[in-house]
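Here the structure comes first, spelled out in structure tokens, and everything after it is commentary.
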Amino acid sequence: MRWSQTLIPTLRETPAEAEIVSHKLLLRAGLIRKLTGGLYTFLPMGLRALRKVEQIVREEMDRAGALEVLMPALQPPDLWRQSGRYETAKDVLFKAQDRAQKEWVLGPTHEEVITALVAGEINSYRQLPKNFYQIQTKFRDEIRPRFGLMRAKEFIMKDAYSFDATDEAAQVSYGKMYEAYKRIFERCGLKTIAVEADTGVMGGKFSHEFMVPAETGENEVVLCQGCGYSANLEKATSRFPHSVLADSPSGPTEKFPTPDVTTIAGLAGPPYKVPASEQIKTLVYVVESKPVLILLRGDDQLNEAKLARALGATTFRPGEPEEIHAALGAHPGSLGAVGVARYPIYADERLRGALDMTTGANEDGFHLRNVAIGRDIQVSHWQDLRLVQDGELCHHCGQPLKIQRAIEVGHVFKLGVKYSLALHAFFLDEAGKQQPAIMGCYGIGVTRTLQAVIEQNNDANGILWPLSVAPCSVCVTPLSIAPGGKVMQLAERLYTQLTDDGVDVILDDRDERPGVKFKDSELVGFPLRLAIGEKSLAAGEVEIKPRAGVLMRVKTEEAMEKLMGLLGCGPARNP
RNA sequence: CGGGGUGUAGCUCAGCCUGGUAGAGCACUACGUUCGGGACGUAGGUGUCGCAGGUUCAAAUCCUGUCACCCCGACCA
């Protein structure tokens, strides 16, 4: 590949639209261009890198025994009605109409399609296990696309679906994918953490997310330095002290006026000075149009994912002020659960046995003190409902937990039989009995992974591609391009040799000053640069500069061998 | 969907407050000089000032509406 003939529109200045370093570099290095919000064109170098990631994914999926297929992106909505996701996933579904006004959906994922396929083709336990995967464009109506390829309306995903006859076999399939994912991300040069994750709307028993630690990530994970426990913040729990302040209540509840105080912080400040940890926070959620009270300690935050599990409901929402007033007779800020018997009361475990607490009186402008859980508040459900906070202790080993932001690049789910039941993916077992196939599903955001590689591998000058995903491994940089000159002759020769040896190489044959070529090659981030200039050539030398390493001067005749060594290709073959 | 911000040359942005007919740097074209870390000179091209109304003798500038994009939040298999 010759630089002068491809298209690598590097930018000296940062486009205003980019916020995070990887997005800036994708644009500045001329890898992608935006068509419109959440939709990007891959330019030649960006596409090359993307293909490398795809190939790694493909190789590792094949190695793990998965079978590559390609399913339609355009899908009939009936399939989605059958699985129930036409409703539950409606917010992310893109829809289209044909000329007869018949409706179609653009696939945000392919559980329905693959399960329908398996329902038709797999009839016997003898045909199991099977794992099908594809690398394909997905469409999601994201509320807010952002950060370039990180969250886009259209993106490339590798999705795989395993089908097993037994739970134990499904476990094995899951394990294979888990191991394959570790290999994939390692080969991409990414440091990832596998964390326990919430299964969300997807349903299913358990799951792991593969996270790339990055301050710009949209997720938060909880890590234990001691025992290696790691979980998505939505799922994470910790060992926490209970709020037992005394052996017995110090007195009966007592109402006191708190005009204008409607927040935990307000009550914690003067003149009241009730520490947040001695307050009970009362939230009202509406579940299937009925109010539910949620109690937390004043200094804790509600984890809605945990609440969803506790409620066993997927549709719930915080109550509106009018609804709350109608239910409890007071507005948010003065709410409490004392004496409330009409509504279910879900309390966080941390409040168990708490005495001498302060909470709202269900009368605007008043609070109650000396509130004792159990005596004054009848909790109907005890649950872990709180968000873990940085520095709390691990429930396994007692070491402090750390909260780290991260980018989710992969997700493995044990799905169970939700889709096989809905779409009739049954097989006959050894006893001739009809059974639903047990499924797993496994996703990798390929385009997101590409961006994560950049997010994790860059410096002030540009991208630092790992060799495995670099658009080109070597940039041959003649500092003079005079056609008959020694510099260009040698550059052409080495370029041809490298190409013949199967190395992805680009020849910077542009009529540019050396400074421009150096800056550009570093911005785009080619792992090795071979510079040929008249000065060093006069001494019989060329320069090899690893993108992240120190410059080496080598004898011209040793250049190939040295390069191939750095590329891990062994000694150069003789032409 | 709520809050905030921005739309002016391919890119980054100034001009808007205080109305008078559009600018800088980078990029681009030509020529010359230069040539190992984003060169310099000379000349040149480049705009429905996001769109639509309104006010005005006159609107990039003031007003109204609208669209798009960005940020925060909500949401997110």
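The chains referred to below are lettered A, B, ... by the order of the sequence lines, with proteins before strands, and numbering in each begins at 1. Predicted model only: the values in this text are computed from it and were never measured. Heavy-atom basis, side chains included; hydrogens, waters and symmetry copies ignored.
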Inset, instruction - For A:Phe155, report the nucleic acid contact type (base, sugar-phosphate, nothing); a contact means any heavy atom under 4.0 Å. - result: base
Legend entry - Distance, rounded to the nearest Å, where A:Lys486 contributes NZ and B:G36 contributes P: 18 Å
Inset, instruction - Under 4.0 Å between any heavy atoms, over every strand shown, what does A:Arg33 touch: base, sugar-phosphate, or nothing? Just pick one. - result: nothing
Legend entry - Spacing of A:Asp511 atom CG relative to B:A39 atom C1', expressed in whole Å: 13 Å
Inset, instruction - For A:Glu234, report the nucleic acid contact type (base, sugar-phosphate, nothing); a contact means any heavy atom under 4.0 Å. - result: nothing
Inset, instruction - Rounded off to whole Å, could you give me the CG-to-P distance for the A:Leu27 and B:C69 pair? - result: 16 Å
Legend entry - Integer-rounded Å distance: B:C69 C1' and A:Phe147 CZ: 15 Å
Inset, instruction - Give a yes or no on whether the ring-centroid distance for A:Tyr442 and A:Tyr178 is below 6.0 angstrom. - result: no
Inset, instruction - Identify the residue among A:Asn303, A:Asp299, A:Asp300 that makes a side-chain hydrogen bond (donor to acceptor under 3.5 Å, both in side chains) with A:Arg386. - result: A:Asp300
Legend entry - Identity of whatever pairs with B:A24 - Watson-Crick or G-U, under 3.5 angstrom: B:U12
Legend entry - Distance-only donor-acceptor test (3.5 Å): side chain A:Glu13, base B:G25: yes
Inset, instruction - Would you kindly check if the NZ (Lys) or CZ (Arg) of A:Lys290 is within the cone defined by 45 degrees around the ring axis of A:Tyr285 and under 6.0 Å from the six-membered ring centre? - result: no
Inset, instruction - May I ask you to verify whether the side chain of A:Arg146 and the base of B:C71 hold a donor-acceptor pair under 3.5 Å? - result: no
Inset, instruction - Find the distance A:Leu537:CG to B:C35:P and express it as a whole number of Å. - result: 18 Å
Legend entry - Any A:Thr36 side-chain nitrogen or oxygen under 4.0 Å from OP1 or OP2 of B:C69: yes
Inset, instruction - Count the heavy atoms belonging to other residues, nucleotides or ligands that lie under 6.0 Å from NZ of A:Lys486, then report whether that count exceeds 12. - result: no
Legend entry - Interatomic distance, A:Glu19 CD vs B:U6 P [rounded to whole Å]: 15 Å
Inset, instruction - Name the nucleic acid region contacted by A:Pro108, choosing base, sugar-phosphate or nothing; use a 4.0 angstrom heavy-atom cut-off, strictly under. - result: base
Inset, instruction - State whether the distance check finds a donor on one side and an acceptor on the other, under 3.5 Å, for side chain A:Arg513 versus base B:U34. - result: yes
Legend entry - Pair partner, B:U64 [Watson-Crick or wobble, under 3.5 Å]: B:A52
Inset, instruction - For A:Asp520, answer base if it contacts any base atom (sugar-phosphate contacts may also be present), sugar-phosphate if it contacts only those atoms, and nothing otherwise; contact means non-hydrogen atoms under 4.0 Å. - result: base
Inset, instruction - Determine the contact category for A:Ser480: base if any of its heavy atoms lies under 4.0 Å from a base atom, sugar-phosphate if only primed atoms, P, OP1 or OP2 are that close, otherwise nothing. - result: nothing
Inset, instruction - Establish, with yes or no, whether the OP1 or OP2 oxygen of B:C69 is under 4.0 angstrom from a side-chain nitrogen or oxygen of A:Lys34. - result: no
Inset, instruction - May I ask you to check whether A:Tyr161 and A:Tyr133 place their ring centres under 6.0 Å from each other? - result: no
Legend entry - Integer-rounded Å distance: B:C69 P and A:Glu17 CD: 11 Å
Inset, instruction - Please confirm whether any donor atom in the side chain of A:Arg529 sits under 3.5 Å from an acceptor in the base of B:G37, or the reverse. - result: yes
Legend entry - Closest listed nucleotide, where the reference is the side chain of A:Ser536 and the choices are B:G36, B:A27, B:G37: B:G36
Inset, instruction - Classify the side chain of A:Glu522 and the base of B:G37 as holding, or not holding, a donor-acceptor pair under 3.5 Å. - result: yes
Inset, instruction - Write down the distance between CZ (A:Arg144) and P (B:C1), rounded to a whole number of angstrom. - result: 15 Å
Inset, instruction - For A:Lys281, look at atom NZ and say whether over 12 heavy atoms of other residues, nucleotides or ligands are found less than 6.0 Å away. - result: yes
